Visitor: 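Take a look at this one; I'll ask things after.
Labels below follow one simple rule: chain letters A, B, ... track the order of the sequence lines, proteins then strands, and each chain is numbered from 1. Please read all numbers here as calculations on a predicted model, not as lab measurements.
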Protein chains: 2
Amino acid sequence: MTGTPEAPTIPAWDRSQDAGTTPVREEDVSPHGCTIAHRLQILGAVPFFRHLAADELEAVNDLFSAFGYEPQETIYMSGAAAERLFVVAHGTVKLIRRTASGQDILLDILRPGDMFGSLPELGTREYLEDAEAQTSCCVLGVSSTDFQRILQRYPKVALSVLAIIAGRLQDAQGTISQLSAMPVEARIASALLKLGEKLGVESEGGLLLDTPISRQDLAAMSGTTTESASRAMSDFRRTGLIESGRRWIRIKDPDGRACRRPGHVFAYGTNPPDGPPRAD
Amino acid sequence: MTGTPEAPTIPAWDRSQDAGTTPVREEDVSPHGCTIAHRLQILGAVPFFRHLAADELEAVNDLFSAFGYEPQETIYMSGAAAERLFVVAHGTVKLIRRTASGQDILLDILRPGDMFGSLPELGTREYLEDAEAQTSCCVLGVSSTDFQRILQRYPKVALSVLAIIAGRLQDAQGTISQLSAMPVEARIASALLKLGEKLGVESEGGLLLDTPISRQDLAAMSGTTTESASRAMSDFRRTGLIESGRRWIRIKDPDGRACRRPGHVFAYGTNPPDGPPRAD
DNA sequence: CGGGCACTTGATGAATCTCAACGGAGGTGG
DNA sequence: CCACCTCCGTTGAGATTCATCAAGTGCCCG
């Protein structure tokens, strides 16, 4: 019993606005966001359920349950039995690996429509990472066995899930090569761009990361310390590449009109668009 | 046209034995290893085709072609159109990301039965990594569209592939946390244990890595330099943990009777078996 | 028998972690 | 509404790991 949502905690819908001087507005999570009526709509928008017929979607929907979490609350912990697969409905969720040395690694930040948790037929019977609510959020959960049945009944869903997981594998491999080859400042820049693509919303002055990202989050994404992350961010701010404050960040020139020049730190993309210059 | 095996190169079956003082015997790759007759047997042993009926397997087999490569030969390069999926039949294959800084990252070493290359329905239309023959090897290739059809026709295959890719994602995430959190020596030790699990064969005196692994390979797996890898290996050798020579390695105590004690470098496993000790 | 490659080892310096201290924002309780 | 307190972010100085540069050895192959 270590955080598996068998007995879902009370949703914290009544959470007061966190925003002060922050330009980041908290995702508006209202109680009816997870009512049975709306879950259909949410599941229907999930990439791998998109192609299901209405009645099929309804059948699938019956297998899911909703769970609410408040910020920083644990959804599951590594080591717990991996018996459930989740889909984010509202808010954002962090996937974190805790290492023996006490250092936390932020593997991913998930938005509505993203899946996480246990994948069926996977050898592992335990979660290998922690899942934690980053914002006030609502997730839909299905048992592994039920999801397994869904995959068997609707092959197209299985193919979509495969594509998603394969994409994540590619991303992870990109992260591996960055951790191996790039200096801290470039890794932070790369993390910012990745977050921008994923969570950015256009605002006057640039891409605003629409969820509270701390220096520690950036450090945990980049395999460094909060101090180093802070130093890099200060540099970027001084150079005018970003604006930032307490748990909010705006990337001033995401498209790289001024940034992605060769030699510049922001030139490091997530995936090199063209063939890498071999060093023969 | 940059290395896609449209026109497969001549197999180099006649390659003379590389073994000198090395205890690593080259995989015995004979020409008939890839004859049509034997391909059925090979494909039937592939994890995700194992459950196909004989006639189904035969139909699938017809879609594959065999390609032979000699050591260090490129199977495909990153940036090339990703239009083919491969399965290793004989030998071993390295997946390598080449970074802009010229540093190579060794993502994986693949054994017979392992798949690599393009996954269908995946957004990417180009390979993101290089695939290179590590030993003399034979691979079976199928076009992405044909593989897509296979997946659609045999849902069980799709589920198996999903499980495999999901497992690789977990591994990759483990690597990420190691690169982020562990010092060089521990990363090398961890790489050795991973290789041991994957490529090790019992031999008197310990687990012998049954494929030629250079210091540079270890460095590229661990995100460090050949010099650092060499220093770590020298330490391990002095401590009696391993034996090694020119492109061969024997792990003397893989089960960790003497090694996996707490505090020891070899205590770092690939995935922590029990809940991580939080540093609260 | 010569050259190249894999490996080793040492010295140096740069990148980055660690430790430490400080300022401000936001939230809490009086 | 103000005082306090905690957490986030910042910055500096010192310690440390690690990459880099530079030789040097032995094995294998041509």
Visitor: Starting at atom CD of A/Gln103, determine the distance to atom P of C/dT18, rounded to an integer number of angstrom.
Guide: 8 Å
Visitor: Would you mind reading off the distance between A/Ile213 atom CD1 and D/dC7 atom C1', rounded to a whole angstrom?
Guide: 17 Å
Visitor: Need the bend value for the helix from C/dC1-D/dG30 to C/dC22-D/dG9: angle between end axes, 5 pairs each end, nearest 10°.
Guide: 40°
Visitor: Do B/Ile249 and B/Leu192 have side chains that approach each other closer than 4.5 Å (heavy atoms only, starting at C-beta)?
Guide: yes
Visitor: Nearest-Å distance, CZ (A/Arg238) to P (D/dT10)?
Guide: 9 Å
Visitor: Under 4.0 Å between a side-chain nitrogen and a carboxylate oxygen: does that hold for A/Asp108 and A/Arg97?
Guide: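 Salt bridge between A/Asp108 and A/Arg97, a charged N being under 4.0 Å from a carboxylate O: no.
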Visitor: Mind checking B/Arg215 for me? I need base, sugar-phosphate or nothing, with any heavy atom below 4.0 Å counting as a touch.
Guide: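 It contacts sugar-phosphate atoms only.
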Visitor: Starting at CD of A/Glu243 and ending at P of D/dG9, how long is that distance when rounded to a whole Å?
Guide: 16 Å
Visitor: Check whether any side-chain heavy atom of A/Phe116 sits under 4.5 Å from a side-chain heavy atom of A/Leu95, and report yes or no.
Guide: yes
Visitor: Please give, in whole Å, the distance from C/dG4 P to B/Arg247 CZ?
Guide: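 Rounding to the nearest Å, CZ of B/Arg247 and P of C/dG4 are 18 Å apart.
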Visitor: Is any side-chain N of the basic residue among A/Asp171 and A/Arg168 closer than 4.0 Å to the acidic one's carboxylate O?
Guide: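 Salt bridge absent between A/Asp171 and A/Arg168.
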Visitor: Hey, are B/Arg237 and B/Glu243 close enough for a salt bridge, meaning a charged N less than 4.0 Å from a carboxylate O?
Guide: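 Not counted as a salt bridge, because no side-chain N and carboxylate O are separated by less than 4.0 Å.
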Visitor: Is there a side-chain hydrogen bond (donor to acceptor under 3.5 Å, both in side chains) between B/Thr211 and B/Thr92 once you walk through the steps?
Guide: CA-CA 8 Å; B/Thr211 198; B/Thr92 53; 3.1 Å; yes
Visitor: May I ask you to verify if any side-chain N or O of A/Ser234 is less than 4.0 angstrom from the OP1 or OP2 atom of D/dT11?
Guide: yes
Visitor: Does the base of D/dC28 carry an N or O that pairs as donor and acceptor with the side chain of B/Arg246 under 3.5 Å?
Guide: no
Visitor: Please report the shortest heavy-atom distance between B/Gly245 and B/Arg215, naming the atom on each side.
Guide: O-NH2, 3.7 Å
Visitor: Rounded to the nearest angstrom, tell me the gap between atom CD1 in A/Ile188 and atom P in D/dG9.
Guide: 12 Å
Visitor: Nearest-Å distance, CG (A/Leu179) to P (C/dC17)?
Guide: 11 Å
Visitor: Report which part of the nucleic acid B/Ser214 touches: base, sugar-phosphate, or nothing (heavy-atom distance under 4.0 Å, all strands).
Guide: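 Result for B/Ser214 = sugar-phosphate.
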Visitor: Mind calculating the distance between CZ (A/Phe236) and C1' (D/dG9) to the nearest angstrom?
Guide: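 It works out to 16 Å between those atoms.
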Visitor: State, to 0.1 Å, how close B/Gln134 and B/Gln72 come at their nearest heavy-atom pair, and which atoms those are.
Guide: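 The pair with the smallest heavy-atom distance is O-NE2, 4.1 Å.
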Visitor: With a 4.0 Å cut-off on N to O distance, would you call A/Asp130 and A/Arg98 a salt bridge?
Guide: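 A salt bridge is present here (some side-chain N lies under 4.0 Å from a carboxylate O).
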Visitor: Could you pull out the protein-nucleic contacts involving nucleotides 17-21 of chain D (nitrogen or oxygen on both sides, under 3.5 Å)?
Guide:
| residue | atom | partner | partner atom | Å |
| --- | --- | --- | --- | --- |
| D/dC18 | OP1 | B/Val184 | N | 3.0 |
| D/dA19 | OP1 | B/Thr224 | OG1 | 3.1 |
| D/dA19 | OP2 | B/Thr224 | OG1 | 2.9 |
| D/dA19 | OP2 | B/Ser228 | OG | 2.6 |
| D/dT20 | O4 | B/Arg231 | NH2 | 2.9 |
| D/dC21 | N4 | B/Glu227 | OE2 | 3.3 |

